Amino acid sequence: MESVLLVAVLVVLLISRWGRVMLGPYWWGPPAFRKAMDAFPGPRPTLPLLGNLVQLAFGGKVLHNGLAIIGRWSPSAFSFHLGPVPMVVLTRPEDYEAVIGKLTQKATYIYSTVESFFGVGLATLNGEAWRVHRKHITHAFHFRILERYVDVFERKGREFGDRVQRLADGATSFNVFPHLAFTANDTIFETAFGLDKSTNSAVSAAHRQEFVDAMEESFEQLQYRVLHPWLLMDWLYRLTPAGRRFYEAVDMIDGFAQSVIDDRRIKMRDGAAAGYSFLDLMMKIQPGEDAVVLNDAELRGELRTFISVQQTSATIMSFALILLAVHPDIQERVVDEAVAELGPEGGVTYASLTGLKYLERVLKETLRMYPVLPAMARDVTEDAQLTDGVVPAGASIAMVPIVTHRDPALWEEPTRFDPDRFLPERCTGRHPYSYLPFSAGPRNCVGQKYALLQMKAVMSTIVRRFEVLPGKGCGTMAELEKNLDVITFLTVSGGFNIRMRPRAPRIEPAACSPPPSFTDSVLRRDFGAGATLPAHASGR
Ligand code: HEM
C-alpha cells in the first residue's frame, strides 16, 4: 500500500510546481546553493524527496543509525539531507554559539508535524507571533507563580506512590514511564488548566489515561512522518489508518482544551476570582481587567503544547529512577539528603526544594546523558557562518545535544554517571554551549524551572518512600545504552523498567529538628501494625 502511495506521490511531485518545493532547494534551487551545501563533508543525497533518509531510518534503530552517521562525519559540521531538507549537522559548542542566538525559526519541515499535534503555540510559532506569545507566557513561569505549584507537584508525587504501591513488592519489574506520564499529565491539568482537585477528579482516570496513550502514539507518528516525507502531505496522511487515529487524538485534546476555556470564561462572567493556572494567566484575568490577550485558537495551542511537553519531565524522571536503581550508592545519597532537608516524608516547599543540591546534580547529569530531545533543528533564514564554512540561507541546521553531551573532548569519562561533575568547582571553564538539555538562547525551554521543581518534588517524594531496584532490560548501564532509542523523544525500547519496594524508615541527622510528620502511623502504614523505629535509625 505504502509503495503504491509513494510512486503516486512522486509522480504528483514531479509534475507540480508545489512538488519542486517539496523536493527541496538542493535539487531545484540556484546552483550556488548546491555548491554551498556540497562544500560541507557528508553523505551526498541519493534521491530527491528521500535524500539520506534511507541511511537514517532503515536497517536498525533510528538513534543508533543517526549516531553512526554522526560518528563517521563529526566533529566537523557536515551536510545531511533529511528527506527534501538540506541540513548541516552541528555537534560542537563553538558552532552552536555561532548560530543559536541568531536562528530562531523552527525548521518548518520537522515542526509542521509537531504543530499538527501541539497546535499553534509557543513551541512551533515563528517571527513576531512567537515573540508576543513568549513575552506573555514567560510571566506565567515567574518564581512567585511556580511557588504556588509546589503543593500540586508534591501531591501528585504522593498519588504516584499510591498508584504503584501494589507493584512495589521488590520482585515485579514494571515500566515506570506510563505511571510518571500520568503523573505529569495530571499535574499539568491542575497547573495549566486550573482544574482544581475536585474538578480534576471529575475527569475520569480512564479518560485521562486515554490522553496519555493517545499522546504516546502521536509522538510515534510525528517521527514516522518525518522519516516518510510523503506522509507530510496532510490529505494523504489522513487517508491512512494511523493518520485517522492521529487526528482523533488531536481532536480529543483540542476539544478538551476548548471545553476548559469555555468553562473558565463562564466562571469569569459569574465573577469567579482569577486563579494562578497558566490558562488564567494567559487569559490575563486580573481583578478589574477582562482583556483577553490570546484568542481561543491560540489559547488551545498553548494548552495543547503544555500537555504535550509533559512527556519530557516524565521521561527524565524515568531515566533518573533507572540510573538510581543501577547506582545504589548515589540513590542512598539522594535519600540521605532528602530526609535531612525535608524530613522522612512530606516537607516539600519551594524553599526546602532549593536545599536538594545533590538531587539537582543527579537530574542535571541525567539530562546530560539522556537529553530528552536528542536533536533540535532550525531554518537558516540568512547565510550562517560556522567555524568550518557557511550554511546557505534556505538550508536547515541540526544541533545534537546527545552527541555534544558525550564528547570526550568536553566531558571526562562521558559514559560514566557522575552527578558531581555538576559541582560548581567542576563546572568552571566548561564551554557554556557544551550542555544544552533545555536548548539555549531566545528559544530555550520556557518551562525549565517548572520542570526542575516538579522533578525535584516528585523524585524526593518517591525515593523516600520506595527503594528503587533495577528492572528487566535496564539492569546495567550497558543494557540501558543498548536499549536506548528515539521516538520523537529519547526512550528505552522495552520500557523504563524498574522494581520497587517500600523503603525502611530513617530519620534525619541529629542536627536537624525532628520531623513533625514522622509518626507511628507512618511506620504502621508502610510496615504493618506493631512496627517500631529500629534502634540504628537514630541519626544518620
Ligand atoms: C525535563 C523537562 C524538559 C526538557 C528537557 C525540555 C527541553 C526543551 C527543549 C530542548 C526545548 C527547545 C526545543 C526546540 O528547540 O525545538 C524546549 C522548548 C520548550 N519547552 Fe521545554 N523541556 C522540558 C519541560 C518543559 C515543561 C514542563 C514545559 C511547560 C510547562 C516546557 C515548555 C516548553 C515550551 C513552551 C518550549 C518552546 C519555547 C519557545 O520556542 O519559545 N518544557 N524544551
Side-chain angles (χ1 to χ4, degrees), residues 96 99-100 103-115 118-127 129-138 140-141 145-146 149 152-153 156 180-181 183-185 187-193 222 226 277-279 281-282 298 301-320 360 362-379 396-402 404-405 435-459 488-490:
Y96 295 161
V99 297
I100 215 162
L103 303 181
T104 55
Q105 177 151 321
K106 295 282 176 88
T108 324
Y109 174 73
I110 299 173
Y111 289 85
S112 64
T113 64
V114 176
E115 188 175 285
F118 280 36
V120 181
L122 193 54
T124 53
L125 280 167
N126 287 309
W130 164 72
R131 249 179 293 281
V132 171
H133 278 231
R134 176 93 190 190
K135 194 170 144 233
H136 283 305
I137 288 166
T138 302
F141 287 95
I145 306 288
L146 296 183
Y149 296 156
V152 184
F153 297 156
K156 300 300 174 192
L180 285 167
T183 298
N185 196 268
T187 309
I188 206 73
F189 271 29
E190 215 163 313
T191 54
F193 290 105
L222 295 187
V226 169
S277 70
F278 289 130
L279 177 61
L281 296 164
M282 287 189 299
E298 291 170 322
E302 294 306 351
L303 291 177
R304 273 165 59 180
T305 300
F306 285 154
I307 296 179
S308 313
V309 295
Q310 297 318 305
Q311 298 280 104
T312 53
S313 16
T315 302
I316 292 303
M317 288 192 283
S318 304
F319 273 118
E360 193 167 311
V362 164
L363 290 168
K364 284 183 174 168
E365 177 69 342
T366 307
L367 283 157
R368 178 189 70 82
M369 293 190 76
Y370 303 105
V372 60
L373 272 179
M376 294 167 278
R378 301 281 184 270
D379 279 340
S396 299
I397 54 123
M399 298 174 277
V400 198
I402 191 167
T404 318
H405 289 183
Y435 183 65
L436 298 178
F438 292 106
S439 186
R443 291 218 78 155
N444 70 351
C445 176
V446 77
Q448 59 182 291
K449 290 203 179 94
Y450 175 103
L452 279 171
L453 267 183
Q454 176 193 25
M455 293 191 295
K456 279 166 106 176
V458 173
M459 291 288 293
T488 303
F489 298 130
L490 213 54

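Ligands are counted one by one from 1 in listed order, and the atoms in each one are counted from 1 as well. Computed from a predicted structure; not experimentally measured.
- Only the side chain of Lys106 comes within 4.0 Å of ligand 1, judged by heavy-atom distances.
- In this structure, CG on Leu103 lies 9.0 Å from CG on Asp379, to the nearest 0.5 angstrom.
- With rounding to the nearest 0.5 Å, the separation of CD1 in Ile316 from CG in Leu367 is 4.0 Å.
- Near Ile316, the atoms of ligand 1 lying under 4.0 angstrom from a non-hydrogen atom of the residue are 1 (C).
- Arg378 and Asn126 are not linked by any side-chain donor-acceptor pair at a separation below 3.5 angstrom, with hydrogens and angles left out of the test.
- To the nearest 0.5 Å, atom CG of residue Leu180 and atom CE of residue Met459 are 8.5 Å apart.
- Interface atoms of ligand 1 facing Leu367, defined by a heavy-atom separation under 4.0 Å, are 5 (C).
- Counting protein heavy atoms only, atom 25 (C) of ligand 1 is closest to Cys445 SG, 3.7 Å.
- Contacts of Asn444 with ligand 1, taken as heavy-atom pairs under 4.0 Å, involve the backbone alone.
- For the pair Trp130 and ligand 1, the shortest N or O to N or O distance falls below 3.5 Å.
- By heavy-atom distance, the residue among Val309, Ile188, Leu490 lying nearest atom 29 (C) of ligand 1 is Val309.
- Ranking the protein heavy atoms by distance from atom 4 (C) of ligand 1 puts Phe438 CE2, 3.4 Å first.
- Protein heavy atom nearest atom 12 (C) of ligand 1, with residue, atom name and distance: Ser439 CB, 3.7 Å.
- Looking at Phe118, Phe189, Phe278 one by one, the single match for ring-ring contact (aromatic ring centres under 6.0 Å, His included) with Phe306 turns out to be Phe278.
- Under the 4.0 angstrom criterion for non-hydrogen atoms, Leu452 is not in contact with ligand 1.
- Rounded to the nearest 0.5 angstrom, Phe153 CZ and Leu453 CG are separated by 6.0 Å.
- The shortest N or O to N or O distance between Arg134 and ligand 1 is under 3.5 Å.
- Looking at atom 27 (C) of ligand 1, its nearest protein heavy atom turns out to be Tyr450 CD2, 3.5 Å.
- Under the 3.5 Å distance criterion, the side-chain polar atoms of Thr138 are matched with a main-chain donor or acceptor of Arg134.
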### Query
Does the pair Tyr450 and Thr187 meet the rule for a side chain to side chain contact (heavy atoms under 4.5 Å, CB included), with working shown?
CA-CA 11 Å; Tyr450 175 103; Thr187 309; 3.7 Å; yes
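- Annotation: the span from Lys449 atom NZ to Leu146 atom CG amounts to 8.0 Å, rounded to 0.5 Å.
- Among protein heavy atoms, atom 16 (O) of ligand 1 sits closest to Tyr111 OH, 2.4 Å.
- For ligand 1 and Pro437, the ligand atoms under 4.0 Å from any heavy atom of the residue are 5 (C), 7 (C), 10 (C).
- Rounded to the nearest 0.5 angstrom, Arg368 CZ and Leu363 CG are separated by 14.0 Å.
- For Gln310, the closest heavy-atom approach to ligand 1 falls below 4.0 Å.
- Listed by atom number, the atoms of ligand 1 under 4.0 Å from Arg443 heavy atoms are 12 (C), 39 (C), 40 (O), 41 (O).
- Considering only non-hydrogen protein atoms, atom 24 (C) of ligand 1 sits nearest to Thr312 OG1, 3.2 Å.
- Between the Tyr435 side chain and the Lys364 main chain, a donor and an acceptor come within less than 3.5 Å of each other.
- The nearest protein atom to atom 15 (O) of ligand 1, hydrogens excluded, is given as Arg378 NH2, 2.8 Å; this is a heavy-atom distance.
- A donor-acceptor pair under 3.5 Å is formed between the side chain of Lys106 and the backbone N or O of Ala123.
- Looking only at heavy atoms of the protein, atom 13 (C) of ligand 1 is closest to Leu373 CD1, 3.7 Å.
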